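Below you'll find the structure, written out as structure tokens, and then a few comments.
All chains are named by letter (A, B, ...) in the order of the sequence lines, taking the proteins before the strands, and each is independently numbered beginning at 1. These figures come from a predicted structure and were not determined experimentally.
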Amino acid sequence: MVNQSRAGRLDVRKTYKLYINGEFPRSESGRSYVARDSEGEVLARVARASRKDLREAVRAARTAEEKWAAKSGYNRGQILYRIAEMMEDRGAVFAEQLGDGGLTPARARAEVSAAVDRMVWYAGWADKFSQIYGNLNPVAGPFFNISAPEPTGVVGIIAPETPALLGLVSRLAPVIVTGNTAVVVSSESQPLPAITFSEVLESSDVPPGVINILTGFPAELAPWLADHMDVNAVDLAGAVPEVGLRVRQGAVHNVKRLVGTDGYTDLQSPYLIAAFTETKTVWHPKGL
Amino acid sequence: MSRNLPATPALEWSYAPSREASEIVELERRYGLFINGKFRAPASKKYFPTINPANEDLLAEVAEANATDVGRAVKAARDAFEDGWGEMPGKERAKYLFRIARMVQERSRELAVLETLDGGKPIKESRDVDLPLVAAHFFYYAGWADKLEYAFPGLDPEPLGVAGQVIPWNFPLMMLAWKIAPALAAGNTVVLKPAETTPLSALTFAGLASEAGLPPGVINIVTGAGATGAALVEHNDVDKIAFTGSTSVGKQIATALAGSKKRLTLELGGKAAHVIFDDAPMDQAIEGVINGIFFNQGHVCCAGSRLFVQESIHDRFVEKLKRRLSTLRVGDPLDKNTDVGAINSAEQLARISELVEAGQQEGAEMYQPDCVLPRNGFWFRPTLFTGVSQSHRIAQEEIFGPVLSILSFRTPEEAVEKANNTPYGLSAGVWTSKGSRILWMADRLKAGVVWANTYNKFDPASPFGGYKESGFGREGGRHGLLPYLKGVG
Amino acid sequence: MALAVAPDRAALLPERITNASLAGFLRSVPSTDEVGVEERVASLSTRSIKKDSKSEALRLAVRMMDLTTLEGKDTPGKVAQMSAKAVRPDPTDPSVPSVAAVCVYPAMVPYALEAVAGSSVKVASVATYFPSGQLDTKLKVTETSRVVEMGAHEIDMVIDRGAFLSGEYFRVFDEIRRVREVCGDQAHLKVILETGELGSYDQVRRASMLAMAAGADFIKTSTGKVQPAATLPVTLVMLEAIRDFYLATGVQVGMKPAGGIRTSKDAIRYLVVLNETLGSAWMTPDWFRFGASTLLNDVLMQIRWLKTGRYQSADYFTKD
């Protein structure tokens, strides 16, 4: 390894850590793994999360859920928009990392732009989704009857391996926009964009615990996520078939909602928002 | 029952004056018309003064647009529409609107002070109500710009083209936001005429839109009085007219448009019924009534100007109301503690005074608290009338000032019958602790907005607009986009 | 035992006081809408006060303060130190007035009395099995009379929240009345509702009316041992009850928010809400108190900042 740059100054290297409850811890297990670029060169060592890290992340997500869901849609929308602002600001770093993952500079920039725009698109849904997906039901009787979507709760996300940034944003934004909180297992082969994304979140007014990002091995973490009795839904979009099967089996214990089983990694759709909601119907008499 | 709270005369406890600094606003001496991205002198060569209604000081001179000027503005809007705005992908239009929303937030204190200087409303309201709603409105419609196909399934959403928009003086910047945000989100370009007594915030906004990089011609601001508005309404190349103002002008516009294909939405006057049942949460109802009629000096089309109190609590309620009236602080709108500011213009003050006189002549009993009014400027004391009948002018006509007419009722049916007994139908209020009664009332009240156990609540996500002579079309919410799209007229 | 209620307070009460008739009385208390109350308080919180009034307001806040220590680890030494601070809050500025009272546990009353002797500062003692109130009435009355005998000037009693919430209004009413009786002319009675346990503003308003009808000289929000303690909205609801009670009976009752009021800004907001709801007659330590342990130093710092124009450091204010 070269210790000194040509200018004679030693680089200060970044330590790549997990993102749990608004903090950046190393894995409690003390483990890390090597992230490589598309040529096989070493990029960095990143934390390799353990089941206990996952347990802490779920605990943080559950604690954050009530307040996050109670915020107004307008407020959540502004926070998502702020994420987009900060992503744009870190665009060059994302593009470089995606380039390391094998994209040409032009395609890397295009993915960053698409990811920022996607975050903006979902930000706009925060105070509109229930206007499309909720409704007044014309029941036969003197009753006011309204159905409206509510967040499901804590959602586990197995992020797609690629596109490393757009895939992560595409699966995460529809989960949090309605008030769910998330535990994300990032791309195993390209974890750096997810780590940069967690640094974006840290500067975006996202309350601690709303989004937790674990780098590591999905095959190791997914079964714990699937079996966890305090996780309400899992997005499988990034899971390889064996992992997907294991998650489906584990999900049965507390009847988790399963999403992303059809393999779209960068879908943009309000129905994806709907997939992480519960519909609540309220009856009330009208009379004197 | 007529016991009053004791008072200690010796105690000096004063809030005022705690004046918001007006230096934050930098006024030009003279403002041109904002056409095609630039301020330019009017073809009319004429300017008119705009004053601070709280002290009658001259604030600036503003260009008076004639038909030629309006023609230039419409042409700029048409060109901008055809040169790309109309076809720009929704997600790009969205980002312009998000930017504007953020910039309004950044400059909110300056804009709030300007609104108060030019219009006379208390800084407390322009700061805490108007400006937050302006930013929220742009933010909300920004998010629709790239989601129109989801808002209206089965409709291939296409903009109309050029929208001509005429707005009133009571919420200058908020009305601008209600007009411009949905129009732009749907892909239209606009020519907007602010009211002649409150043009400054719209002109400042025009500069802000330029700073946001909005393409020239997408927003054009023409200032002037009724003739300017008429020129805009009658212009052949305008596809849609959106008007907020009085019912009489609304009818003139509808007449002018009778032979054209222009689309029209109208948000007109009101004479809202505010109904208080005997099981209402009493102290909050008092606050609701106060807010309903004295918010923005009663210059509110949805003001709760007809109060219906259930007879069993009528006297007690009126006493509480009078006591609360005496704690209202009337005066300098820039004082952060002012509750009721200046009347917007000499003309409006004359109209209020005339109707209040009519109320006294027709035999209603008037109550006004003692309060010292400033010497200069336009002012009117908060006023209650008791013993009002349905047939009195003050129960029928829109006063648009801080004047409340109090009537009584015995049964819910009677309350509904009296509440609906008006040509207007913009809004209504109901206070009761019984949920099923709220919904029963809401079903029967002929009003576009019904507030229950609250009043004067606005949100960009919530549609607003009237029944009957209060106009047609809705602003706000998903519904607020419809008037700016093809194929739904 | 016949119920003796002060005749002027009886105006609102049913002729025969039973649990059922008290329940009927409480049903007639107007309901409260939570959203509306909170909006009103938010609007009043934007009131800003000019500099000269602010200095006056802060001095008034000092004079209204019940400097409090209610801990298991309280000792005569701690009480003596706190009492010295109560008498002379700012040793460097003699223009700062004494606080209204010190508030302590019964066992500390003699030490507090000794420490404040010769000053205007009163001694308040909590009583009636503070803070839970979970004891039978007889023993609570005995405890109170013992504290009164010791010489306490003010008694801060707790209501039996369990009884109130399960609808035993007579028990709550009777207990307050009996405690009031043993307070006699010597001690002022403050009745703590523990609003954080009552569940809704409707219940707070009913409990306020019940306590005032039974003889409370003051009504007080909290023990300080339960969250939330005093808040502006709950204080507004109680002040509205005090106003209604005064208008119906002509009897003036005082108010004491306690717990959670830590900054000068908070204190001034309470005074604004008080002034706008009840007016100037209540703007005195006779009718309004702050129950607080850490508020005093923040108020002292603000007073000195207004005087000197320099922001202050806690290092220059005594901690007792």
Side-chain angles (χ1 to χ4, degrees), chain A residues 72-89 113-136 138-139 141-146 148 173-174 177 204-205 268-274 282-288, chain B residues 89-99 101-102 105 132-133 135-153 185 277 279 411-416 430 432 434-444 450 452 459-463 476-481:
Chain A
S72 68
Y74 176 42
N75 195 200
R76 274 198 307 275
Q78 290 198 83
I79 292 173
L80 262 69
Y81 184 77
R82 175 76 179 161
I83 298 175
E85 286 182 351
M86 298 311 291
M87 285 176 72
E88 181 99 31
D89 192 54
S113 298
V116 174
D117 287 0
R118 182 139 307 165
M119 190 58 82
V120 172
W121 191 79
Y122 278 108
W125 275 117
D127 52 8
K128 297 174 188 67
F129 178 69
S130 66
Q131 292 186 302
I132 299 294
Y133 211 76
N135 43 268
L136 191 75
V139 293
F143 295 97
F144 177 80
N145 180 298
I146 197 166
V177 69
S204 303
D205 308 327
Q268 169 180 292
S269 164
Y271 295 100
L272 202 49
I273 305 175
V282 179
W283 292 69
H284 195 299
K286 304 177 183 182
L288 288 173
Chain B
K91 70 172 188 171
E92 299 302 312
R93 284 202 312 273
K95 286 190 280 188
Y96 279 114
L97 291 169
F98 278 122
R99 241 190 225 185
R102 292 302 232 201
Q105 287 175 326
L133 280 170
H137 220 81
F138 278 103
F139 200 91
Y140 177 79
Y141 279 106
W144 273 128
D146 53 10
K147 301 179 184 69
L148 297 172
E149 66 271 33
Y150 299 106
F152 306 106
F277 285 98
D279 66 341
T411 64
E413 284 85 356
E414 186 186 356
V416 167
V430 181
T432 167
K434 197 170 170 191
S436 49
R437 184 189 286 151
I438 290 172
L439 295 167
W440 186 93
M441 291 288 290
D443 267 1
R444 285 159 183 77
V450 177
D459 191 288
S462 176
R478 192 170 58 87
H479 305 72
L481 290 162

Tell me the closest heavy-atom pair linking Y141(B) and A185(B), and the distance in Å. O-CB, 3.3 Å
Is there a side-chain contact between P412(B) and W440(B) (heavy atoms, below 4.5 Å)? yes
For P460(B) versus L133(B), what's the shortest heavy-atom pair and its separation? CD-CD2, 4.1 Å
Relative to chain B, which segment of R82(A) carries a heavy atom at a distance below 4.5 Å: side chain, backbone, both, or neither? both
Side chain, backbone, both or neither: which part of A461(B) has a non-hydrogen atom closer than 4.5 Å to chain A? both
Quick check on R444(B) against chain A: is it the side chain, the backbone, both or neither that has a heavy atom closer than 4.5 Å? neither
Cut-off 4.5 Å, heavy atoms of chain A, and the answer for D443(B) is side chain
Heavy atoms only, distances under 4.5 angstrom: which of H284(A), K128(A), Q131(A) has the most pairs with chain B? Name it, please. K128(A)
Name the region of I132(A), side chain, backbone, both or neither, that has any atom closer than 4.5 Å to a heavy atom of chain B. side chain
Engaged part of Q78(A) at the chain B interface, taking heavy atoms whose separation is under 4.5 Å: both
Contact check, side chains of M441(B) and F277(B), non-hydrogen atoms, under 4.5 Å: yes
Under 4.5 Å to a heavy atom of chain B? For D117(A) that would be side chain
Least distance between heavy atoms, V120(A) atom then A84(A) atom: CG2-CB, 3.5 Å
Which answer fits A94(B), side chain, backbone, both or neither, if we ask what part of it has an atom under 4.5 Å from a heavy atom of chain A? neither
K147(B) to W125(A) six-membered ring, cation-pi geometry met (6.0 Å, 45°): yes
Heavy-atom donor-acceptor pair, R102(B) side chain to F98(B) backbone, under 3.5 Å: no
